[in-house]
Amino acid sequence: MLKTHYNHVEVEKGKYETWLKKGYFTAGDNSKMRFSMVIPPPNVTGMLHLGHAWNTTVQDIIARYKRMKGYDVLWVPGMDHAGIATQAKVEAKLREQNISRYDLGREKFLVQAWKWKEEYAKTIHSQWSVMGLSLDYSKERFTLDEGLSKAVKHVFVTLYNKGLIYRGERIINWDPVFKTALSNIEVVHQDDKGYFYYFKYPFVENPNEYLTVATTRPETMFGDVCLVVNPNDPRYSKYIGQKVINPANKEEIEIIGDSYVDIEFGTGVMKCTPAHDPNDFKIGEKYHLKRINIFNDDATMNENCPKEYVNLDRFVCRDKLVATLKEEGYLIKQEEIIHQVGHSERSKTVVEPMVKKQWFVKMGPLAKQALENQASEDKVEFIPERFSKIFENWMNDCEDWCISRQLWWGHRIPAYYSKKDGSILVSETEPENIDDYIQDEDVLDTWFSSALWPFSTLGWPEDTELFKRYYPLDIMVTAYDIIFFWVSRMIFQGLEFTKVAPFKKCLIHGLIRDEQGRKMSKSLGNGIDPFDVINKYGVDALRYFLTTSTSPGLDTRYSEEKVKASESYLNKIWNSARYVLMNIEDEKNLDNIDLSKLSLVDKFILSRLNKTIQNVTFNMEKYDFANASTHLYNFVYDDFTSWYLELSKVKMTSETKKVLLKVLKDIILMIYPYTPFIAEEIYLSLPNHLESICLESYPEFNPSEVFEEEEMKVNSLIKIIKDIRSFKVENNLQPNASIKLYFTAKDCSPEEIVPYLKRFSFASEIVLNKHMLSSKIYELGEIYIEEDIDKQEQIKKIEKELETLEFEISRGEKMLSNENFLLKAKKEKVDLEKEKLAKNLEKKKQYLNKLESLK
RNA sequence: GGAGACUUAGCUCAGCUGGGAGAGCGCCACCCUUACAAGGUGGAUGUCACAGGUUCGAGCCCUGUAGUCUCCACCA
């Protein structure tokens, strides 16, 4: 027997270990249809947060639901080495001991990094188990494990041989803290306060005249190679070909013309720094301009700058240069502005565009393929659909992907440079005469290996059984913030290498915010540790909250109040289970409900149950877990606990007991994917259970158990009871005050109804078939509550009823007298309204008769 | 500069293909009724941002306006 109160600590204890031991989550039953997913691999940088909890719970609901629906479910766990993020953490830890990665050297540093990985993998595993995730650990992978490394090399080499990976000197985003290149999307643009500086560039021929150039980054003037004006700009076109003095270093530079320059913007004269600005770089390419790199790798100034600036930090240099130019009279003015500045996603430092030799993936052909696929029938179905557009927009104008990183923690680029002639060898295996070669020092962007995750985890590029059976995946579940980083890259790599999209559906959810709607972040200190929540309210309550108080694709706010409400709901189910168990204790035969022996209310609840199963299943199939849970919730509260449990107390037949058990069991089965721990606990206390709820099937809709008439009648009974209750409140009577009732049945046998009336109205006496003039009319018949009021009061009451009735009748008549409504509305709607109107008119007639007699 | 989302009860949010406005929490009154006081019963509260349009009928569809937010974009 269950305890009086739901205690999450006791309920959760030991269950997950048992499930794992029994192998319930191990895929491989080939007799069933397959259903496959892989977990978005969390970074091995630290603890899981609420976002992970949300994301994984959604997947767990899917996995458990699909198992119940008879699928062989594979859900692959795994983690991501998270190159730059993890390396930063390991370096920070070493720094505490005053050790830099260079002190250790590559190999020893990697030993430290692997240690870090082992430690955090352990934490993540234990957190997954607390969350109750039904992962198949026998298939677990890590992005740096041997098989995945093999896949990465294979992809790199194949793309290289196809000409889709190239090495080139191009302008890239440089992170001067981590001293590595970044891809475009690892740069986040923020509004920063800065200055627009206006400088004089005097003409060589005529030093009294000058052009004014505005810039936000004066220090890059040391890298200027020319000025650019628009040839169509009447103010300046005449100067094209002339020379001016660069005030920063007093060197002569030419004025060239190019229509790129916006006549309206700034002064209309642009300085050109091909080595440190993406647009200037393009112009530089067009006109074969010099690229003068002025920065060291840590963004201090290098020897291409005047002596007094060398080795100064870029911002110190900026201030010093501005001060000098001001002194020399070159600074015309400076304006404070707010502008977008690129920062490194990881180090937060201001990114410096630099020309560097890096490896790139040529995006054009890959993007084209992805877009074509998305326009075809084999497209990835995004849920909600609008995210497809976001994916396509990005695919449409993405630049080549810089994939080399100047880090140590990651997949080392399989390119080898000959010591003899410097030629490049790109190969999956080391060259035999390795001593004659030097391997490229760089590693690949983390997302390069993540992009292969849906198939590399299944053993690809080997043609494994796992890959053959489970690929492509049925669904990928992720938040919208990594559509560009991850989803899009999985799609184009999947298409390129496996010829199909890596997953059929992509379920996108939002981000979780704090109670005020702000992002959770370390600097704000507003992060919520999911495991604190779990300790307090239980993992089921957290899971329920995360997956039900959210809307598809939208952000949600964390709300302790709602977690608490979830726990109350679970307690409600818990206690309803106690009631059922208490009542069926001594009943031996609980199977095979005999429909012919059911009472009115038994049929009512069975009917409601079946409609609920239908609605819940419909929404589960759409992956709309919030909506599915709402249907179940309303059924549990309104139909089951508020009414059926109470009504069942009137006449507890052995058939009723069977119904109680069936309804409870189906509720437990439907809530199970959301809240597996409490569901298992209750399930195991039911008679005739299997070894675990994990082995159960999902409830099926049964049309032969839908009883419209009984539903209608019980609803009418409920209405009567509610009216009696309000009558008592209105008349300041205690809820259990005894009253005298008059009941004249219609379309039902009074014997069936009276016991319920008696119990719920606390009636001391129920008089049957005695027509009372001021009784109220229901589907089940007429009800009159005896009270001490005079004729006038009774008339008033009836007139009030008539008034509301009149309102409804006129609404119906208006509708039905509208020809267009009759012509254009759906037939069912018209019939429904007709029926309603007829009923109301009949009711009105009866009330009028009463009124007549009273008067 | 583009793209998208959001605006519904005091607060947080639901409202499925257009057919009589909902939940949780909070608030008021009453009730320890033998599953549950982490509860029950009854109740109050909404020009569904604004303005047009389509429609027999609009919270829902279309257009515009305002506000909030997010993403993308090289504007020196």
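Only this structure's heavy atoms are used, side chains among them; waters, hydrogens and symmetry mates stay out. Naming convention: chains lettered A, B, ... in sequence-line order (proteins, then strands); numbering from 1 in each chain.
With distances taken from any side-chain atom of A:Phe821 to the nucleotides B:rG19, B:rG42, B:rG20, the minimum falls on B:rG19. Relative to the side chain of A:Asn393, the nucleotides B:rG40, B:rA3, B:rC71 differ in distance, and B:rA3 lies closest. Of the candidate nucleotides B:rC74, B:rG19, B:rC36, B:rC36 has the atom lying nearest to any side-chain atom of A:Arg578. Here the side chain of A:Phe196 is nearest to one of B:rA76, B:rC36, B:rC16, namely B:rA76. Which of B:rA37, B:rC30, B:rA76 sits closest to the side chain of A:His5 comes down to B:rA37. Ranking B:rU41, B:rA35, B:rC36 by closeness to the A:Asn571 side chain, first place goes to B:rC36. The side chain of A:His339 has B:rA76 as its nearest neighbour among B:rA3, B:rC72, B:rA76. Residue A:Arg386 has its side chain nearest to B:rG4 when only B:rG4, B:rA73, B:rU70 are considered. Residue A:Lys519 has its side chain nearest to B:rC71 when only B:rC71, B:rA38, B:rG40 are considered. With B:rA76, B:rC36, B:rU70 as the choices, the nucleotide that has an atom nearest any side-chain atom of A:Phe265 turns out to be B:rA76.
The CG atom of A:Asp639 sits 8.5 Å away from atom CG of A:Asn634, with the distance rounded to the nearest 0.5 Å. Rounded to the nearest 0.5 Å, atoms CZ (A:Arg291) and CG (A:Asp280) are 12.0 Å apart. Taking CZ of A:Phe625 as the reference point, atom OG1 of A:Thr548 lies at 12.0 Å (rounded to 0.5 Å). For the atom pair NE2 of A:His8 and OG1 of A:Thr675, the computed distance is 14.0 Å after rounding to the nearest 0.5 Å. The NE2 atom of A:His509 lies 12.5 Å from the CG atom of A:Leu554; values are rounded to the nearest 0.5 Å.
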Original post:
So what's the dot-bracket for RNA chain B: Watson-Crick or G-U pairs under 3.5 Å, [ ] if a pair crosses, | if it pairs off-strand?
Top reply: (((((((..((((.....[..)))).(((((.......))))).....(((((..]....))))))))))))....

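Using the six-membered ring where Trp is involved, A:Phe545 and A:Tyr558 have ring planes that are perpendicular, over 60° apart on the 30 and 60° scheme.
Rounded to an integer number of Å, the gap from A:Glu681 CD to B:rA35 C1' is 16 Å. The nearest whole Å value for the distance from the CG atom in A:Leu837 to the C1' atom in B:rG19 is 16 Å. Across the protein-nucleic acid pair, A:Ile668 atom CD1 and B:rA35 atom C1' stand 13 Å apart, rounded to whole Å. Atom CD of A:Glu385 is separated from atom C1' of B:rA5 by 15 Å (rounded to the nearest Å). Per the geometry, CZ belonging to A:Phe762 stands 13 Å off P belonging to B:rC31, to the nearest Å. Protein atom NZ of A:Lys728 is 11 Å distant from nucleotide atom C1' of B:rU41, rounded to whole Å. Whole-Å rounding puts the A:Gln516 CD to B:rC11 P distance at 15 Å.
The same atom, C1', is picked in B:rC25 and in B:rA3; the two are 36 Å apart, to the nearest Å. B:rC48 sits 43 Å from B:rC36 when the P atoms are compared, rounded to a whole Å. B:rG24 and B:rG39 are spaced 16 Å apart, taking the C1' atom of each and rounding to whole Å. Straight-line distance between the P atoms of B:rC30 and B:rA35: roughly 26 Å, to the nearest whole Å. As rounded to the nearest Å, B:rA5 and B:rC60 have P atoms that lie 15 Å from one another. Between B:rA23 and B:rG42, the distance separating the two P atoms is 12 Å to the nearest Å. When the C1' atom is used for both B:rC62 and B:rU55, the distance is 12 Å, rounded to whole Å. Distance check on atom P: B:rC13 versus B:rU8 gives 9 Å, rounded to whole Å.
Considering only heavy atoms from C-beta on, A:Phe485 comes within 4.5 Å of A:Glu186 through its side chain.
For A:Lys389, the side chain to side chain donor-acceptor pair (under 3.5 Å) test picks out no residue, with sequence neighbours left out. Annotation: ring-ring contact (aromatic ring centres under 6.0 Å, His included) contacts of A:Tyr330 (sequence neighbours excluded): none. With sequence neighbours excluded, no residue forms a ring-ring contact (aromatic ring centres under 6.0 Å, His included) with A:Phe807.
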Considering only nitrogen or oxygen atoms on both sides, find all protein atoms under 3.5 Å from nucleotides 23-27 of chain B and state each distance.
unit_1	atom_1	unit_2	atom_2	d
B:rC25	O2'	A:Glu561	OE2	2.7

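Looking at A:Glu392, its side chain has no donor and acceptor atom pair within 3.5 Å of the base of B:rA3. For A:Tyr569 and B:rC36, a side-chain-to-base donor-acceptor distance below 3.5 Å is absent, hydrogens and geometry of angles not being considered.
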**OP:** Evaluate the side chain to side chain contact (heavy atoms under 4.5 Å, CB included) criterion for residues A:Asn627 and A:Phe618: first the C-alpha distance (whole Å), next the side-chain angles of each, then the deciding distance (0.1 Å), finally the verdict.
**Re:** CA-CA 10 Å; A:Asn627 244 332; A:Phe618 177 74; over 6 Å; no

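Each of A:Lys826 and A:Asn818 was assigned the nucleotide of RNA chain B with the nearest heavy atom; the assignment lying further toward the 5' end belongs to A:Lys826. The residue among A:Glu567 and A:Ser576 whose nearest nucleotide of RNA chain B lies closer to the 5′ end is A:Ser576.
Of all the residues in residues 539-555 of chain A, A:Ser551, A:Leu554 reach under 4.0 Å from RNA chain B with at least one non-hydrogen atom.
Taking a cutoff of 4.0 Å between a charged side-chain nitrogen and a carboxylate oxygen, A:Glu567 and A:Lys564 do not qualify as a salt bridge.
Within 6.0 Å of NZ on A:Lys622 lie more than 12 heavy atoms contributed by other residues, nucleotides or ligands.
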